[in-house]
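This one's a predicted model, so the numbers in the text were calculated from it and none came from an experiment. Order of the sequence lines sets the chain letters (A, B, ...), proteins ahead of strands, with each chain counted from 1.
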Amino acid sequence: QTLPAGPKLKITAVTQPGPALPQFSTVDIPRLREELPKKSGGRIEVDLASWPERNLNGPEIIRLVRSGNVDIGAAPLATVSGDVPFLDIVDLAGLNPTIEQARKVADAVVPDANKALERFNTKIIAIYPFPAQVPFCRTPVTKLSDLKGRKIRTHGGSLNDLVQSIGAQPTGIGFPEVYGALERGVVDCAITGTASGNGARWYEVTKSMYALPMGWATAAYFVNLSWWNKLDPQVRSFLEAEFKALENAQWDLGKAATEDGIACNTGKADGCKIGKVVDKDPMSVTRPTAEDAEVLRKQLGEVVLPAFVKRCGAACGEQYNKIVAPITGVKFGS
Amino acid sequence: MQKLIERISYLMCAIAGWGFIACAVLIGVEVLLRNTFGISLQSTTELSGYALAFGISWGLAQTFITRGHVRIDVILNRMPLKARAVLHLVALATLGTFVGFLSYGAIALTQESWDFGSTDISLLRTPLVIPQGLWTFGILMFLLLIVLLFVEAIPLLLRGDFEAIDKLFRPRTYEEEAQEALDAVKSTP
Amino acid sequence: MIAAVFLLILLLLFVGLWLTGANVQVPLAETLTLVGLLTFLFGSGVYIGAALGILGILIGYAFSERPFWTFIGQMVWGPSSSYVLVAVPLFLLMGEILLRAGLSERLYKAMNVWLERLPGGLLHTNIMSSALFSAISGSSVATAATMGSVALPFFKGTAYSPRYVLGSLAAGGALGNLIPPGITFIIYALITETSVGALYLAAAGPSLLVVLLFTAVIVWHGWSQRAVMAGPRVPLAEKFRALSGLLPTLILMLLVLGTIYGGFATPTEAAALGVLGAMFFAALDGKLSWKMLHESAESSARVTAMIGLILFGAYLLNFIITSLGVPQMMAKTVSSLPLPPWAIMLLIIGLYIALGTFMEGFSMVITTLPVVFPVVKALGYDPIWFGVIVTMLVEIAMISPPDGTVLYVLQGMRTDGRPITDVFAGVMPFFLVYIFAVLLLLVMPGLALWLPSVLGR
Ligand code: NA
Ligand code: NA
């Protein structure tokens, strides 16, 4: 799709938790900062930055978009769920064993999520994953029960409920500080995407990775609704198409980067195309067992879902059963 | 009125300080429990962050009263009395404007958290209006103090009593503070 | 003010280039307005926090097309509730308790017995203890706040020059990020794809160099003042007896350092343990009371509020200038000037010192590096070496008068009501040798690069 000539539009966007993440450097930068102006015939220009470049921590992204200080913001839904608890539904810990299912759930939830976001004068225009969220640990972990008693950094949300339910201690430390905390053993493990941990060089300070996907840190691009509705319809549909393509690119990246991150961190150069291969002191990785997948499913039904409904309200439980349960096969309250 | 607000400011500052002691105890217990029994209090990271926010804002007014907020008075101190008095008021006006913006922002932030029932994303899910509301209150008290000082200083300016204005704002020396402490002791029955 | 001087230099360069016929636009009016505004706000005795905040608000209204005022609450709530900064009031509290229990006095008396005949005497302990503290803390403000609250009361009423006391404490604070660990290195490594380990190793030499230079400044000052400061000779037996005065503080330091290195606690947690430890030792001496705790609490709350107000202003300004893209723009301008490599490097150094005077180190590094780093690499400079240079510049900015955060923190902790010029004058020699160290590193990169090359990182 192309755009006919018209008045210029300058878009401000703040996306992704760090400038070194592939979601930023291989998708957002080329597509938004470089290609969008060209494709739009010079009509659109994007002022793009990652959170830390604007001194932001993440939980305030929806408010930032709502305030009109940026037009587009992106953040994992769990991170901003303090403002809109319903958003957690997309990526509850243990909900989605595969990225394919994560996408099905995400696509199914977006209309309801946008209804919840209306009060915030915001709207989701694209939804995307990070690589599988797995624990990076200082000492060997080969099964879920090895995490018992450890102090684990999470990015908040339902992951905290899961971590606590398996006998570990969740703790919230800002992403840039996690490296130092792992380095000195302030936390024993930290959960993040396989490739995200590679981008943040956590392989320098951890030894072992347990490749059990606890979630996908499913995230979204939010727009300021009044801004969006006021756009020239041609521009809006152009942007809609562009973000649809960007969404597909992000899901492809999420899938590719999950295995790529594992290969890179374990020093396998032939499987490592996106991240940085670890030549010296590569990490050890253990593939998940069927029993542990079952543990996740059990905790989801017994702990994670009830905790989610408790903070989101009974209606959320019904919405879950209506929209999500048919995909996941785990019902709430049964 | 002035005396009352000074009294309140002192109390708020002391409470802020005790908040830090409570925070130290909370974190200390957390570290001990974690390293000995492997159990952890929840959300100490968030809670101690709130203690800091609370501590900063509830101490602002008292810090102003004790001339604790830093200004660069190199040139100021070399000015003649009249100019100095005017510059004191300029500084107060700038501070008032800044704190006015802060108050507006803090109220809007708390209002937003209230409207949307926002919480943090830790296990405790603390409703953000609590820490943000307390924080906003401290900033508002600071603003009130600044406004009252202005009200006190304007008649002095109109009367041309520059000495009194200068006395109101110039940094207190050690002797003055000691004298005030003595006065305080004497005035308590 | 450094920022104003830097802007003027840049302006002169522009005019010079323009006169030689180069195709550059001279932003004369904007630059002069900004320089005038900076000069007025910092010269007229406006409160620092308000000066920074009002500057941000004015720039915002003048240049921003966004409703930045709707986000002010969030801009200042962030730093207000930051877990990392919690360490600051806790370390202050520890210092206050130690002071009121008479423990810090005992520490300094004991050190005094040993060090006083050295030229410069006790001033050395300011640098040494700050260096020690920097090895656990990545925060210059926390380092200066802790060491200042312990040391300042002791020096009151001694013959030591208040300027050098304050100057050496400020200088000590500026080691916080340079001596590993430090967050600047971690951020630098992430953006530039260099190794954190290599940066830590590379920082060792320059850290040592800076500490030695600081020590040299104090020795030189001591020699010129030796008639004033020399104390009586103390017998060796008494010297060893005095060591018992060191014990509580040493144990406390061990507690704080040991828990961090042992992986038992974060710096914030260690600060909390420090408070509990200080209370324990005060109780042991029979000095712990509600009244004493109350006074310590109130006093540390005041210093925290003082730092807090400055942080409010700084974060507001920081948000507005980063959202306007000012740091990137300036970095781009500096990097693209038609000048020889060494001149570009000098301008980059000036840029970091100037930006650092009113920006937070973290966001300054993260916003400018993507622009500056490729240029530095293209000019043929070593990435690891440049990481150390950037960190040193961030530290220098913290102690550059008249707008360095560490300086305000120290001024805020004084109770004698004397002007901030003491702090400015006192830090000058240390500030100058710090810059000298950067220039030395510019000429002899081996100072940083030798160790990583030997250890093969
Ligand atoms: Na350090
Ligand atoms: Na400075």
Side-chain angles (χ1 to χ4, degrees), chain A residues 10 12 14 18-21 24-25 29 47-71 138-139 151 153 171-188 199-205 224 227 275-276 280-281, chain C residues 64-75 77-79 81-84 136 138 181-183 185-187 189-197 200 259-270 315 318-319 322-325 327-328 359-360 362-363 365-370 456-457:
Chain A
K10 195 175 169 188
T12 308
V14 177
L21 292 173
F24 191 69
S25 58
I29 290 187
D47 178 6
L48 177 74
S50 62
W51 304 348
E53 287 168 68
R54 292 285 159 83
N55 229 3
L56 296 162
N57 299 316
E60 70 278 58
I61 293 292
I62 287 191
R63 294 183 186 216
L64 180 71
V65 174
R66 178 176 185 259
S67 76
N69 276 287
V70 304
D71 308 309
R138 287 164 49 89
T139 49
K151 194 169 184 193
R153 182 265 174 187
T171 178
I173 304 178
F175 193 76
E177 284 140 36
V178 178
Y179 181 98
L182 284 167
E183 185 180 23
R184 288 189 312 267
V186 168
V187 293
D188 304 300
R201 312 175 72 90
W202 289 3
Y203 51 80
E204 292 177 345
V205 287
N224 181 298
W227 171 80
K276 199 169 143 86
K280 229 186 70 188
D281 265 338
Chain C
S64 175
E65 292 154 3
R66 300 280 169 177
F68 68 90
W69 58 89
T70 56
F71 206 60
I72 288 178
Q74 194 74 55
M75 288 176 214
W77 171 251
S81 55
S82 149
Y83 178 69
V84 178
I136 57 165
I183 191 117
F185 288 125
I186 297 176
I187 293 304
L190 280 184
I191 302 174
T192 60
E193 311 235 309
T194 44
S195 148
V196 182
Y200 281 0
T259 48
I260 296 178
Y261 274 126
F264 298 110
T266 61
T268 306
E269 289 169 343
Y315 271 70
N318 203 54
F319 182 90
T322 45
S323 65
L324 286 172
Q328 290 103 316
M359 271 189 89
E360 209 236 337
F362 187 89
S363 51
V365 169
I366 213 162
T367 48
T368 54
L369 266 185
R457 288 298 283 263

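- Classification of A:Asp71 and C:Arg66 as a salt-bridged pair holds, one side-chain N sitting under 4.0 Å from a carboxylate O.
- Atom CG of C:Leu369 is separated from atom CD of A:Glu53 by 10.5 Å, given to the nearest 0.5 angstrom.
- In terms of heavy-atom pairs under 4.5 Å with chain C, the best-connected choice from A:Arg66, A:Arg201, A:Arg63, A:Glu60 is A:Arg201.
- Of the two parts of A:Leu56, only the side chain, counted from C-beta on, holds a non-hydrogen atom closer than 4.5 Å to a non-hydrogen atom of chain C.
- For A:Ala20, the side-chain contact (heavy atoms from CB on, under 4.5 Å) test picks out no residue, with sequence neighbours left out.
- For the pair C:Pro67 and A:Gly68, the tightest heavy-atom approach, listed with the atom from each and the gap, is CD-O, 3.5 Å.
- Residue A:Asp188: no heavy atom, backbone or side chain, is found under 4.5 Å from chain C.
- Judged by distance alone, with hydrogens and angles left aside, the side-chain atoms of A:Asn55 form no donor-acceptor pair with the main-chain N or O of C:Tyr315 at under 3.5 Å.
- Heavy-atom pairs under 4.5 Å with chain A peak, among C:Phe68, C:Trp77, C:Trp69, C:Phe71, at C:Phe71.
- Contact annotation for C:Glu65: neither backbone nor side-chain heavy atoms come within less than 4.5 Å of a heavy atom of chain A.
- Residue contact with chain A, scored on non-hydrogen atoms closer than 4.5 Å, is absent for C:Thr368.
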- [ ] Please test A:Glu204 against C:Val196 for side chain to side chain contact (heavy atoms under 4.5 Å, CB included), starting from the C-alpha separation and ending with a verdict.
- [x] CA-CA 9 Å; A:Glu204 292 177 345; C:Val196 182; 3.8 Å; yes

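- In this structure, chain C has a heavy atom under 4.5 Å from the backbone of A:Val70, while its side chain stays farther away.
- Contact of A:Thr12 with chain C is made through backbone and side chain together, with heavy-atom distances under 4.5 Å.
- Scanning for side-chain contact (heavy atoms from CB on, under 4.5 Å) contacts around C:Ser323 gives A:Arg54, C:Phe319, with sequence neighbours left out.
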